[in-house]
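Structure record follows, encoded as structure tokens.
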Amino acid sequence: MKTLLTGARIIDPAQKIDAVMDILFEDGKIIKTGHDLIKPAKSRDTGKIKIIKLDGLLLTPGLIDIHTHLREPGMEYKETIASGSKAAVVGGFTSIACMPNTDPVNDNRSITEFIKRKAAEADLANVYPIGAISKSSAGTQLTEFWDLKEAGVVAFSDDGKPVMDAALMRHAMEYAYSLDLPVISHCEDINLSVGGQMNEGYYSTILGMRGIPSIAEEAMVARDILIAEFTETSVHIAHVSTAGSIRLIREAKKRGLKVTAETAPHYFTLTDESLQSYSTNLKVNPPLRSAADVKAVKEGLADGTLDAIVTDHAPHARTDKELEFEYAANGISGMETSLGLSLRLVHEGALALPELVAKMSLNPARILNLPKGTLAAGADADITVIDPQLKWKIDVPSFFSKGKNSPFHGWEMQGRAVLTIVGGEIKHALLSLNI
Ligand code: DOR
């Protein structure tokens, strides 16, 4: 049966569409987008068409998160592929790419196949596994890239850990490039960050906490840009958090290098000043930075230096977080707050809505070469419907994610995903839809 979504403002950056339009899909594929798709003359056909009225709402290509941590296999008490996928569709995401730092690490075909099987069983969001660069992400020996590609990974990363060995990173970039897959770099020089709890600066000094200097990130951003340039390959820089990284990436792009980059909502929403609460929910890697860095991240998003907004969804259990700050795990559970926090950029005028949509759908799809991120005819019917006016309060205990580690409990948001359609099927609906 055909489904017609009518009355919404459709934003599809790939087709440069921003207008109130209809969209028609059937059998999981988009048929077309346009005005008055059902003409009165053909109104007798409408009985065969499911019509969903979406007046006043915003309709975008399904949101895509290319940096998420599902904890299965191995740490199912933090998150499972099913619980993470549920959190994804509730957050408005139709596709997610999961980092390999599970236990065991996704460094071989059997783990990749396991993740894909579990995701198919969950039958919620599309889940794309990312394979490890090095065996056990230990940073010494490359994984079998070709085998992992055949098994279905969409990128390579040791995220959670940096690849400290520059020669290994060089070979990873060369090999991945020849396979047409991106390398996603967690940029951190651990000799500079070792023992650090938070951003090095004024607040680490007055709080007496050991700092992680911004150069721990920037030195590696610079190195990886140099390797990508030297080897004429490409690199995607993960979770960018500092003004210096943004300057380096901006310059690299200006010189025509194949560098892409992402940031996450906490890096444009919170500063290291918040660490005065000592809340371990604020402990994240890279750490929350200074107000000047936050300003630079927003500027980087606005001028295109930062291509994508990712969640860096890092769910942890209470036992990982209710500890002395030093011993608490790094990470923020971000799947269900990412869209709301990102829409704040639009409310404050830092980013136009179509730009935000591009950074959360089209650009992530392009970075990972996914056949997604557009509402063009023939594309998969992956659609997110957002109520841009809906005011709501973040309620962490009611997250669908098992990870309740969020510093945003009680924050007032405006704008929320109310309908998430994956492959033509409704996977989440907050609306009482008139179907
Ligand atoms: O805060 C973080 N948490 N940063 C990372 O790089 C890894 C992640 C995790 O896996 O928990």
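Fair warning: this is a prediction, and the values are worked out from it, not measured in the lab. First listed ligand is number 1; within each ligand, the first listed atom is number 1. All residue numbers refer to positions in the sequence shown, counting from 1. Excluded from the calculations below are hydrogen atoms, water molecules and symmetry mates; all remaining heavy atoms, backbone and side chain alike, are included.
At a threshold of 4.5 Å between non-hydrogen side-chain atoms, the residues Asn126 and Asp382 count as touching. Annotation: side chain of His67 is in contact with side chain of Met99 (closest heavy-atom distance under 4.5 Å).
For atom 10 (O) of ligand 1, the nearest protein heavy atom (residue, atom name, distance) is Asn101 ND2, 2.8 Å. For atom 7 (C) of ligand 1, the nearest non-hydrogen atom of the protein is Gly160 CA, 3.8 Å. Residue, atom and distance of the protein heavy atom nearest to atom 6 (O) of ligand 1 are His186 CE1, 3.2 Å. Protein heavy atom in closest approach to atom 8 (C) of ligand 1: His69 NE2, 3.7 Å.
Between the Asp158 side chain and the Val163 main chain, no donor and acceptor come within less than 3.5 Å of each other. Judged by distance alone, with hydrogens and angles left aside, the side-chain atoms of Asp380 form no donor-acceptor pair with the main-chain N or O of Lys29 at under 3.5 Å. A donor-acceptor contact shorter than 3.5 Å links the side chain of Arg71 to the backbone of Pro315.
Using cut-offs of 30° and 60° on the angle between ring planes, the pair Phe325 and Tyr278 is perpendicular.
Every atom of ligand 1 with a heavy atom of Val284 under 4.0 Å away is listed here by number and element: 1 (O). Proximity to Ala314 (heavy-atom distance under 4.0 Å) selects the following atoms of ligand 1: 3 (N), 8 (C), 9 (C), 11 (O). Taking a cut-off of under 4.0 Å to the non-hydrogen atoms of His316, the atoms of ligand 1 that pass are 11 (O).
Proximity annotation for atom 1 (O) of ligand 1: of Ile332, Thr68, Asn285, Asn285 comes nearest, heavy atoms only. Compare Arg71, Lys78, Met75 by their heavy atoms: the one nearest to atom 11 (O) of ligand 1 is in Arg71.
Between the side chains of Ser204 and Gln197, no donor N or O sits under 3.5 Å from an acceptor N or O.
Remark: Lys404 is not positioned above the aromatic ring of Phe399, lacking an NZ or CZ atom under 6.0 angstrom from the ring centre and at most 45 degrees off the axis.
Considering backbone and side-chain N/O atoms, Asn330 comes within less than 3.5 Å of an N/O atom of ligand 1. For ligand 1, one of its N or O atoms has an N or O atom of Gly331 under 3.5 Å away.
The part of His239 lying near ligand 1 is the side chain, judged by heavy-atom distances below 4.0 Å.
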